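Since this is a predicted model, take the numbers as computed values, not measurements.
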Amino acid sequence: MSRRRLPRSFYARPTLDVARDLVGMVLVHRADGGTAAGRIVEVEAYIGEDDPACHAAPGLTARNAPLYGTPGLAYVYLNYGLHSLMNVVTERKGQPAAVLIRALEPLDGLPIMQRRRTAAGAPPHRVTPDTICQGPGNLTVALAITLAQNRADLQKGTLFLEDRGLSAARVVWTPRIGIRVGTDRHWRAIDAVSRAVSGRARTV
DNA sequence: CGTTCGATGCACT
DNA sequence: GTGCATCGAACGT
């Protein structure tokens with residue numbers, strides 16, 4: 001099977017196109033303890049200062065600076081003081097936008113993912129293939145993605161995305177979840193048949 | 001099934 | 001001081 005690391009040109013496009021095409025791509029992290037990888041089944045787009053849910057809504061700040069930078073870098077931030085959430089930066093320099101990775105189906109390194117999630121306190125029923133990388137805060141634990149990966153270049157290092165020819169047959173758009181503003185934008189893209197998708201609205 | 005709520009760190013006002 | 005792009009346990013139905 002061909003494994004092609006996604007080029008920067010993949011990210012340097014309209015964010016909704018990137019989000020749709022990201023479903024079915026594979027997120028890989030080679031880290032201490034072993035390599036873990038999973039197929040993306042759920043993402044959300046956050047686009048521009050006019051999007052009230054985007055971190056760029058207040059304008060350029062120290063935290064959201066990566067959103068304004070080079071596409072194809074990771075934007076990782078700490079949410080609720082507990083969870084590292086991973087985005088990929090899209091569009092072009094000066095145009096703040098990103099796609100949040102929300103859920104994966106595990107492909108490589110299931111045992112190390114289970115060890116990491118269990119060590120973080122997850123109960124047995126949350127370390128099954130359907131739940132191990134279900135939710136943006138859970139998948140970062142499973143792949144050992146932390147704030148140390150903020151601004152990581154997905155072209156160069158041990159954290160990257162690749163195409164293994166596993167694209168989703170059907171991608172469905174729904175409202176974004178878990179946010180308190182901007183829920184009118186249907187910028188959440190999910191694999192319609194995956195059981196690893198988080199949240200309530202698993203189907204249309 | 002459903003809803004509520006505490007944990008927890010830090011950027012931002 | 002306030003408010004999160006969350007998670008999972010606890011509780012009510």
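In this structure, the CZ atom of R180(A) is 8 Å from the C1' atom of dG3(C), given to the nearest Å. Nucleotide dC7(C) holds its P atom 9 Å from the CD1 atom of I177(A), rounded to whole Å. In this structure, L100(A) places its CG atom 6 Å from C1' of dA5(C), rounding to the nearest Å. Atom CD in Q134(A) sits roughly 14 Å away from atom P in dT6(C) (whole-Å rounding). Atom CG of L139(A) and atom C1' of dC7(C) are 13 Å apart (whole Å). Atoms NE2 (H125(A)) and C1' (dC7(C)) sit 11 Å apart, rounded to a whole Å. Here the P atom of nucleotide dG9(B) and the OH atom of Y77(A) are 17 Å apart, to the nearest Å. What separates CG of L78(A) from P of dT6(C) is a distance of 12 Å, to the nearest Å.
Environment of CZ in R30(A): sparse, with no more than 12 heavy atoms of neighbouring residues, nucleotides or ligands closer than 6.0 Å. The environment of D50(A) atom CG is sparse: at most 12 non-hydrogen atoms of other residues, nucleotides or ligands sit within 6.0 angstrom.
Across all strands shown, N87(A) has heavy atoms under 4.0 Å from base atoms, whether or not it also approaches the sugar-phosphate. Within 4.0 Å (heavy atoms only), R102(A) reaches sugar-phosphate atoms of the nucleic acid but no base atom.
Of the residues near DNA chain C, A98(A) and A122(A), the one whose nearest nucleotide (by heavy atom distance) lies more toward the 5' end is A98(A). Both L147(A) and L82(A) lie near DNA chain B, and the one whose nearest nucleotide falls closer to the 5' end is L82(A).
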Dot-bracket assigned to DNA chain B with the 3.5 Å Watson-Crick/G-U criterion, [ ] for crossing and | for other-strand pairs, is |||||||.||||.

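Without hydrogens or angle criteria, R195(A) side chain to P129(A) main chain gives no donor-acceptor distance under 3.5 Å.
Interatomic distance, CE of M25(A) versus CG of L161(A), reported as 8.5 Å (0.5 Å rounding).
Nucleotides dA5(C) and dT13(B), compared at atom P, are 14 Å apart to the nearest Å.
Residue side chain H55(A) reaches the base of dA5(C) through a donor-acceptor N/O pair under 3.5 Å, judged by distance alone. One cannot find a donor-acceptor pair under 3.5 Å joining the base of dA11(B) and the side-chain atoms of N64(A).
Phosphate proximity of dG8(C) to N138(A): present, with a side-chain N or O under 4.0 Å from OP1 or OP2. The phosphate of dG8(C) (OP1 or OP2) has a side-chain N or O of R117(A) nearer than 4.0 angstrom.
Side chains of R8(A) and D153(A) form a contact here, defined as non-hydrogen atoms less than 4.5 Å apart. A heavy-atom distance below 4.5 Å is found between the side chains of D191(A) and R39(A).
In this structure, Y80(A) forms no aromatic stack with the base of dA7(B), since the conditions of centre separation below 5.5 Å and plane angle below 30° are not both met.
Placement of L16(A) and F10(A) in two distinct hydrophobic clusters is found when ILVMFWY residues are connected by side-chain heavy-atom separations under 4.5 Å, directly or transitively.
Looking only at atom types and distance, the side chain of T174(A) has a donor-acceptor partner in the side chain of R188(A) under 3.5 Å away.
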